[in-house]
2 protein chains.
Amino acid sequence: MGTTQLETVPEPKYWHLRTVLSEALDSEFTVGEILPNERDLAARFGVARATLRQALEQLELEGRLQRRRGVGTTVAPPRVGVAVGTGQHAWPGMQGDDRQPVDCTLATPPAAVAAALETARDEAVHIVRSTRTTHGQAIAAELLYVPQASVPDLSAIDAPSGPARARAVLRGLQRLELEGRDSAVELGSARADDAKELDRLPGAPVLVVTTRFLAAGRTAALSVATYRADTCRLTFGASGGVEIQDGPQRQAS
Amino acid sequence: MGTTQLETVPEPKYWHLRTVLSEALDSEFTVGEILPNERDLAARFGVARATLRQALEQLELEGRLQRRRGVGTTVAPPRVGVAVGTGQHAWPGMQGDDRQPVDCTLATPPAAVAAALETARDEAVHIVRSTRTTHGQAIAAELLYVPQASVPDLSAIDAPSGPARARAVLRGLQRLELEGRDSAVELGSARADDAKELDRLPGAPVLVVTTRFLAAGRTAALSVATYRADTCRLTFGASGGVEIQDGPQRQAS
DNA sequence: TAGTGGTCTAGACCACCAA
DNA sequence: TGGTGGTCTAGACCACTAA
């Protein structure tokens, strides 16, 4: 990172800084390495700390950096490929699934969810909370909304809530024949509870995956999963082939 | 937006402000309506303009607001659902496709692309630039990398570049039998050229969709499409059913 | 307790757009 | 030309982490 000055260019300083830093990351740093602190970096480039931070934010958004309060800024590893829309039609919670049920409650869902499930606005549904982890890192928090009608024979002997209940609901779902599913991906910002679970600050960028599970001609369940946008690449394999896992798809600058 | 003061709460001001504004948007504003300018809003809530802007940035990231320099801040319409991984295996540029070829060149691709295509590092490939538009709005800029081996019989009479050449390359692809495709979605920031095409500033958040097209047992083409993250919801229909188009999946606060 | 990133302020000037 | 959002500064203090 020999550069110490910014020549006057017609592009914003923070953008040019982002490019300079990006190239430095490629050539002079290794994954996990700690960068100098923000005050030093700002001084080194002759800009205000706020401007330097704007550049760092960009790079964090692109998954190049990881910043942690009280610790420092480190070079992030390449994004993890996470299979989301597998070709196999499978219910969540099947064998080989890396979801870990955390909790299950019975409550009235948000209006938008009720509409998608075609349930009455005030009808309670099962809400299964799970997390997905890879390499010990939480990468996603998922809420699965299951109308009571989809799992009619939940035995009363099961726990009324908690992980055991969650697994019972998932088992109930697997008795239905899954006819198909469709998903949508959009950008969002982490709510306080999701942020905590994902070890991020509120407002951190996340990829929200909404999946409808179709069975018996209707929406049998709806999943809203929140993935860390900085560390995840969501893969949708529509072919029978092998999925790209750690592909190096980085946008050139 | 009657609120004029922020009580002291243990959460950041900008986050609380985001919540307050979000609720105001739901209840007191209609799509397309213009908000007061940033200086007025900041004064009204008793915060610095930078803090107010942090809240607006969040809301823009969530697709709730649209800000345009020299114009103002308006309430954004719901995100548009864009079909990305259609169940039908189809080459890009088929009938009914809303891609509009813009240009086509022959050049050596970035190293990461060459690796995915299994071409030599210095081997030139066809690069087809297209845009996707809905309602007259550019929502995506796409680069399609096609190895020359995939379209061996490109007639010399076609134009060497430009839209006509692009269509010729796409026609060539359609002669191959498509065996499958897989996609990956990740968050990125718009490069200068994409930003211009999408009517955004450089660094604007985008969803980058990388698609591999498989034919004859190998990767016959690779597409890197850049979607406006603020206005798009990408839909992946793995079922035969109807796609969600304008679903109201909004994260509750 | 020392050092980090996160929040916030109160200004200034610039680039862009519409009237 | 006047008003908008975009960039930038030079500070201050806070929340968190690790030693």
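Source: prediction; values computed, not measured. Naming convention: chains lettered A, B, ... in sequence-line order (proteins, then strands); numbering from 1 in each chain.
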Fill in the blank from the handout: Numerically ordered, the residues 54-62 of chain A set in heavy-atom contact under 4.0 Å with DNA chain C is none
Completion exercise
Those residues at least two apart in sequence (or on a different chain) that pass side-chain contact (heavy atoms from CB on, under 4.5 Å) with B:Leu106 are B:Ala124, B:His126, B:Gln148
Practice task
Go through the structure and list residues passing salt bridge (Lys or Arg N to Asp or Glu O under 4.0 Å) with A:Glu197, not counting sequence neighbours.
Solution key: A:Arg129
Practice task
Using side-chain contact (heavy atoms from CB on, under 4.5 Å) as the criterion, list what pairs up with B:Arg69, not counting sequence neighbours.
Solution key: B:Leu201
Practice task
For residues B:Arg18 and B:Glu11, determine if any side-chain heavy atom of one lies less than 4.5 Å from a side-chain heavy atom of the other.
Solution key: no
Fill in the blank from the handout: Contacts of B:Gln54 meeting side chain to side chain donor-acceptor pair (under 3.5 Å) (sequence neighbours excluded), chain-then-number -> none
Problem - Qualifying residues under salt bridge (Lys or Arg N to Asp or Glu O under 4.0 Å), relative to B:Glu142, sequence neighbours excluded - result: B:Arg99
Completion exercise
Separation of D:dG3 atom C1' from B:Arg49 atom CZ, nearest Å, is 11 Å
Exercise for the section: Taking heavy atoms of chain B and a 4.0 Å limit, find me the 5'-most and 3'-most nucleotide of DNA chain C within that range. Expected result: C:dT7 to C:dC17
Handout entry: OP1 or OP2 of D:dG5 under 4.0 Å from side-chain N/O of B:Thr73
Key = yes
Practice task
Output every pair passing salt bridge (Lys or Arg N to Asp or Glu O under 4.0 Å) with a member in residues 130-141 of chain A, not counting sequence neighbours, ordered by first then second residue.
Solution key: A:Asp98-A:Arg132
Practice task
For A:Thr73, enumerate each residue passing the side chain to side chain donor-acceptor pair (under 3.5 Å) test, keeping only those at least two apart in sequence or located in another chain.
Solution key: none
Problem - N or O in side chain of B:Asn37 less than 4.0 angstrom from D:dG3 OP1/OP2 - result: no
Exercise for the section: For nucleotides 14-19 of chain D, just jot down a letter per nucleotide in 5' to 3' order: B, S or -, based on protein non-hydrogen atoms under 4.0 Å. Expected result: -BBB--
Exercise for the section: For B:Glu33, check side chain to side chain donor-acceptor pair (under 3.5 Å) against everything at least two apart and list the hits. Expected result: B:Thr30
Handout entry: Contacts of B:Ser27 that satisfy side chain to side chain donor-acceptor pair (under 3.5 Å) - sequence neighbours left out
Key = none
